Amino acid sequence: MRRLIIDTDTGSDDVWAIIAALRAVENIHVEAITVVCGNVSLDLCVKNALIACEVANTYFPPVYRGMARPLVREKLFTADYVHGSDGLGEMHLPDPARQAESGHAADAIIDLVMSAPGELEIVTLGPLSNLAMAYLKEPRIAENIKKLWIMGGTGFDQGNATPAAEFNVYVDPEAASIILGAGFPAIWVTWDVACSGTPITPEDVKLLLANDHPIARFCYRCTQSLREYDRKKFGHEEFGIIDSVIMMALIYPEIMRGAYDAYCEIELNRGIAYGYFSIDKHKQLHKPCNATVCSQVDAAAYKQHLFHLLTY
Ligand code: BDR
Ligand code: CA
């Protein structure tokens with residue numbers, strides 16, 4: 001059984017990814033959920049992670065509070081304008097019965113990785129602040145994790161936070177830069193790749209809700225703000241559930257339709273390109289590769305797996 005740590009800034013698309021992972025009981029076991037600020041404040045992200053575990057209704061991994069702010073940036077840039085002020089489409093749910101563990105997320109990552117060298121995979125669905133903090137405390141985690149899956153970076157399209165930057169990198173560019181320089185066996189699924197052909201269409205929604213499964217209903221409901229945001233901004237009814245794309249690629253790697261190694265770097269100057277994720281795909285800089293970049297995901301297979309996990 002593959003063993004996984006999920007690091008998340010729990011907004012509505014993170015919730016789909018977490019629920020799907022907790023229901024993929026034949027493929028992976030989630031050892032811990034480590035929470036970082038991002039889409040909303042840390043407190044709300046922790047609450048939403050606990051809610052996701054409750055909704056998944058399989059098993060309850062320990063949930064850890066992590067960084068409440070980026071490493072260097074003074075102010076947290078949030079995406080409540082996308083996911084709603086509660087991160088879950090203005091559902092404003094009551095506090096869950098379970099609570100987070102007492103330890104810090106960075107320490108939980110270190111303890112888990114170092115107690116099982118080479119065994120754990122980590123997926124980051126939010127800013128890289130927790131993982132960078134863990135690495136700064138214990139650099140040996142970089143060579144002791146089996147694989148690191150990162151949702152982040154702009155790839156070859158505009159960013160979603162600024163024209164240059166994708167949200168997860170933009171919130172904590174210095175953390176992302178530390179991770180790129182640390183030697184993790186990392187595969188990046190960038191924003192443009194995660195968006196390509198994957199948005200959920202009205203026909204998909206009919207399919208998802210066809211058997212009136214409470215989990216599917218919850219997932220649809222919690223994306224209400226995200227759907228309204230996409231409708232207003234882009235004028236269409238489709239909506240992207242970005243974090244669930246990398247989660248399906250992780251659980252079912254055969255849906256990845258290509259990947260390449262490259263030297264990547266984050267722009268850290270605080271101008272218009274702050275947080276830009278540069279990929280030297282054609283090796284123009286002659287620098288050693290520090291990342292694997294996923295180039296395409298089979299969108300139909302992604303939706304098929306995701307919908308199965310949310311409705312069985
Ligand atoms: C990322 O930004 C967040 O709003 C989503 O949860 C996702 O992790 C996409 O850029
Ligand atoms: Ca996220």
Side-chain angles (χ1 to χ4, degrees), residues 5-21 33-42 44-49 51-52 63 66-67 70 76-89 105 122-131 148-173 175-176 179 188-196 198-200 219 222-230 233-234 238-250 266 274-277 293-294 297 302 306:
I5 299 173
I6 301 177
D7 190 73
T8 173
D9 63 331
T10 335
S12 53
D13 62 329
D14 300 69
V15 161
W16 287 46
I18 293 169
I19 293 173
I33 297 180
T34 55
V35 186
V36 63
C37 64
N39 280 319
V40 283
S41 69
L42 179 66
L44 284 172
C45 290
V46 170
K47 176 180 171 182
N48 295 345
I51 289 171
V63 173
M67 297 288 288
L76 175 65
F77 178 87
T78 58
D80 45 359
Y81 61 98
V82 178
H83 298 276
S85 64
D86 62 348
L88 290 186
I122 301 181
V123 60
T124 63
L125 307 177
L128 289 149
S129 325
N130 283 346
L131 192 60
L148 172 60
W149 301 76
I150 298 175
M151 191 288 120
T154 31
F156 298 100
D157 201 349
Q158 295 237 314
N160 55 345
T162 72
E166 179 277 335
F167 180 81
N168 288 342
V169 171
Y170 186 66
V171 172
D172 198 340
I179 296 304
W188 291 71
V189 177
T190 53
W191 162 253
D192 54 334
V193 168
C195 282
S196 177
T198 57
I200 308 300
C219 286
C222 82
T223 54
Q224 187 166 300
S225 301
L226 171 67
R227 285 181 274 122
E228 280 164 12
Y229 173 82
D230 278 3
K233 192 154 186 85
F234 307 110
E238 301 179 351
F239 55 102
I241 303 291
I242 300 306
D243 289 336
S244 65
V245 178
I246 188 167
M247 193 61 87
M248 291 309 101
L250 180 162
I266 311 285
Y274 188 35
Y276 174 66
F277 183 73
V293 182
C294 171
V297 169
Y302 148 70
L306 178 65

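Start at 1 and go down the list; that is how both ligands and their atoms are numbered. The model shown is predicted, which means the values in this text are computed figures rather than measured ones. The analysis underlying the following values was restricted to heavy atoms, covering all of them including side chains, and did not include hydrogens, waters or symmetry mates.
- Asp80 and Ser85 are not linked by any side-chain donor-acceptor pair at a separation below 3.5 angstrom, with hydrogens and angles left out of the test.
- Looking at heavy atoms from C-beta onward, Val245 lies out of side-chain contact with Asp243 at the 4.5 angstrom threshold.
- When all heavy atoms of Gly153 and Glu166 are compared, the pair lying nearest together is N-OE1, 3.1 Å.
- Residue contact check: Asp243 has heavy atoms under 4.0 Å from atoms 5 (C), 6 (O), 7 (C), 8 (O) of ligand 1.
- When each atom of ligand 1 is checked for a heavy atom of Asn160 under 4.0 Å away, the hits are 9 (C), 10 (O).
- The closest side-chain donor-acceptor pair between His83 and Ser225, if any, does not fall under 3.5 angstrom.
- When heavy-atom distances to ligand 1 are checked against a 4.0 Å cut-off, Val82 has no atom that comes that close, whether in backbone or side chain.
- Counting only distances under 3.0 Å, and ignoring water, the protein N, O or S atoms around the Ca ion (ligand 2) are Asp9 OD1, Asp14 OD1, Asp14 OD2, Leu125 O, Asp243 OD2.
- A donor-acceptor pair under 3.5 Å is absent between the side-chain atoms of Thr124 and the main chain of Gly126, judged by distance alone.
- Remark: ligand 1 and Leu125 share an N or O pair separated by less than 3.5 Å (distance only, no angle test).
- Given atom 4 (O) of ligand 1, the protein heavy atom at minimum distance is Asn39 OD1, 2.6 Å.
- Where the criterion is an N or O separation shorter than 3.5 Å, residue side chain and backbone included, Asp9 fails it with respect to ligand 1.
- Checking side-chain atoms of Asn39 against main-chain N and O of Thr10 turns up no donor-acceptor pair under 3.5 Å.
- In this structure, atom 5 (C) of ligand 1 lies nearest to the protein heavy atom Asp13 OD2, 3.2 Å.
- Looking only at side-chain heavy atoms (C-beta outward), Thr223 and Asp13 stay at 4.5 Å or farther from each other.
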Report task. Report the C-alpha distance between Trp188 and Phe277 in whole Å, list the side-chain angles of each, state the deciding distance to 0.1 Å, and finish with yes or no for ring-ring contact (aromatic ring centres under 6.0 Å, His included). Result -> CA-CA 11 Å; Trp188 291 71; Phe277 183 73; 4.5 Å; yes

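- Atom numbering of ligand 1 starts at 1 in the shown order; those under 4.0 Å from a heavy atom of Glu166 are 1 (C), 9 (C), 10 (O).
- Between Ile266 and Tyr276 the shortest side-chain heavy-atom distance does not fall below 4.5 Å.
- Note: no N/O pair closer than 3.5 Å links Trp191 and ligand 1 by distance alone.
- Under the side chain to side chain contact (heavy atoms under 4.5 Å, CB included) criterion, Ala52 pairs with Val15, Ile18, Ile19, not counting sequence neighbours.
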